[in-house]
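Okay, so here's the structure we're looking at.
Computed from a predicted model, the values in this text were never measured in an experiment. Only this structure's heavy atoms are used, side chains among them; waters, hydrogens and symmetry mates stay out. Below, chains carry the letters A, B, ... as their sequence lines are ordered, and counting in each starts from 1.
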Protein chains: 2
Amino acid sequence: MSNIEHNNNEALADIFKALSNPYRLEIFNRLSSCNVSTDDSSSEHQICECVGSLGKDLDIAHSTVSHHLKELKRAGLIRMVRNGKRTECQVNEATLAMIRAYFQPCCCGKQ
Amino acid sequence: MSNIEHNNNEALADIFKALSNPYRLEIFNRLSSCNVSTDDSSSEHQICECVGSLGKDLDIAHSTVSHHLKELKRAGLIRMVRNGKRTECQVNEATLAMIRAYFQPCCCGKQ
DNA sequence: TTCAATATTCGACATGTTTCGAATATTACA
DNA sequence: TGTAATATTCGAAACATGTCGAATATTGAA
């Protein structure tokens with residue numbers, strides 16, 4: 001490990017920070033599980049839920065959910081698009097791929 | 001995503017928190033890259049460096065390195081074993097496997 | 001235009017994290 | 001035993017984060 005250059009340390013640490021809060025991780029999980037399969041394999045995670053539904057039953061204030069989503073966005077883990085009264089969120093596949101690459105065992109020679 | 005039950009949310013968030021500090025992530029990187037290949041594939045990451053060498057050139061106090069290692073250990077990312085004057089550290093493969101599982105695309109049917 | 005639904009921003013507060021240097025602990029060896 | 005090497009714990013300070021409710025913003029529809 002790993003396939004990733006270590007000079008994105010800061011960016012990676014930032015991504016992990018975004019996932020380090022249980023509520024944020026739960027929100028990310030919800031977003032991850034509402035993926036829609038399409039023919040276009042490059043966009044596994046399709047549109048999703050809005051800020052309100054993502055925070056449902058989480059027992060934190062709406063403004064806090066909004067804040068957490070902003071953090072996930074800042075780290076590059078999700079995208080947010082305003083659509084009418086709602087803001088739709090989706091997982092950013094590119095970032096997910098980067099994380100997976102980081103955790104893959106090094107393939108260059110020895111394990 | 002993902003293959004992991006969402007009720008280890010807390011444990012996972014804790015793991016990500018441990019990796020969310022740039023110095024800690026760098027220490028973990030160093031530990032990850034000093035793996036030794038053996039016949040026993042279950043222990044990819046072998047013994048490693050001690051607290052002192054892991055913190056080399058990091059420009060933080062020795063006590064801070066010690067603290068960061070304790071955090072990595074607390075999250076289950078590394079193991080620490082006292083060996084004489086030194087404390088040897090190694091990556092905990094089981095936790096690494098758990099993280100990889102979390103980030104794998106869901107294998108049940110559709111992508 | 002006014003209202004309701006949804007989302008974001010703001011200020012404040014409590015709590016948690018990072019960091020240091022000093023003090024203490026552990027160990028091997030002269 | 002005493003000393004040097006290495007590591008850990010402690011207390012304090014600075015800084016960052018999570019949270020809330022109120023205020024504000026944005027939008028669609030009556």
Side-chain angles (χ1 to χ4, degrees), chain A residues 9-31 34 47-92, chain B residues 9-31 34 47-92:
Chain A
N9 231 27
E10 302 278 334
L12 262 173
D14 218 51
I15 287 168
F16 294 135
K17 186 164 75 182
L19 295 174
S20 75
N21 175 281
Y23 289 121
R24 268 195 313 261
L25 186 56
E26 173 61 25
I27 289 169
F28 185 72
N29 284 339
R30 292 181 178 188
L31 221 28
C34 66
I47 273 322
C48 240
E49 317 193 42
C50 60
V51 177
S53 63
L54 279 170
K56 201 150 175 276
D57 303 325
L58 233 45
D59 283 333
I60 49 177
H62 192 92
S63 58
T64 304
V65 174
S66 196
H67 163 71
H68 283 324
L69 282 166
K70 208 167 76 172
E71 286 300 296
L72 288 171
K73 182 188 172 199
R74 200 184 49 74
L77 280 160
I78 66 170
R79 295 209 196 82
M80 302 176 75
V81 179
R82 186 90 192 206
N83 185 0
K85 274 183 289 196
R86 317 201 166 192
T87 299
E88 288 167 340
C89 307
Q90 71 185 133
V91 167
N92 185 347
Chain B
N9 230 27
E10 304 277 334
L12 261 172
D14 216 51
I15 288 168
F16 293 136
K17 185 163 76 182
L19 296 174
S20 75
N21 176 282
Y23 288 120
R24 264 189 323 255
L25 186 56
E26 173 60 26
I27 289 169
F28 184 72
N29 285 339
R30 291 181 179 187
L31 221 28
C34 66
I47 273 322
C48 241
E49 317 193 41
C50 61
V51 177
S53 63
L54 278 170
K56 202 152 174 276
D57 302 326
L58 234 44
D59 283 332
I60 49 178
H62 192 92
S63 58
T64 305
V65 174
S66 195
H67 162 73
H68 283 324
L69 283 165
K70 208 167 77 173
E71 286 299 298
L72 289 171
K73 182 188 174 199
R74 201 184 48 75
L77 280 159
I78 66 170
R79 296 210 195 81
M80 301 176 75
V81 180
R82 186 91 191 205
N83 185 358
K85 274 184 288 196
R86 318 202 166 193
T87 299
E88 288 167 340
C89 307
Q90 72 184 131
V91 167
N92 184 347

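dC10(C) atom P lies 16 Å from atom NE2 of H62(A), rounded to whole Å. In this structure, L58(B) places its CG atom 14 Å from P of dA7(D), rounding to the nearest Å. One atom, CZ of R86(B), and another, C1' of dT8(D), lie 16 Å apart when rounded to the nearest Å. One interatomic measurement links the two molecules: CG of L19(B) to C1' of dT18(C), which rounds to 16 Å at whole-angstrom precision. Between the CG atom of L54(B) and the P atom of dT8(D) there is a distance of 11 Å, given to the nearest Å. At whole-Å resolution of the value, NZ in K17(B) and C1' in dT18(C) are 13 Å apart. Between Y23(B) atom OH and dT18(C) atom C1' there is a gap of 10 Å when expressed in whole angstrom units. In this structure, N21(A) atom CG and dT17(C) atom P are separated by 11 Å, rounded to whole Å.
Side-chain contact check for N29(B) versus E26(B): some heavy-atom pair is nearer than 4.5 Å.
Residues D59(A) and M80(B) each lie close to DNA chain D; by heavy-atom proximity, the contact nearer the 5' end of the strand is made by M80(B).
The phosphate of dC29(C) has neither OP1 nor OP2 within less than 4.0 Å of any side-chain N or O from K85(B). For dT18(C), one of the phosphate oxygens OP1 or OP2 lies less than 4.0 angstrom from a side-chain nitrogen or oxygen of R24(B).
Using a 4.0 Å cut-off on heavy atoms, the residues of residues 64-78 of chain B that approach DNA chain C are T64(B), H67(B), H68(B), listed by number.
Interatomic distance, CG of L19(A) versus CG of L77(A), reported as 5.0 Å (0.5 Å rounding).
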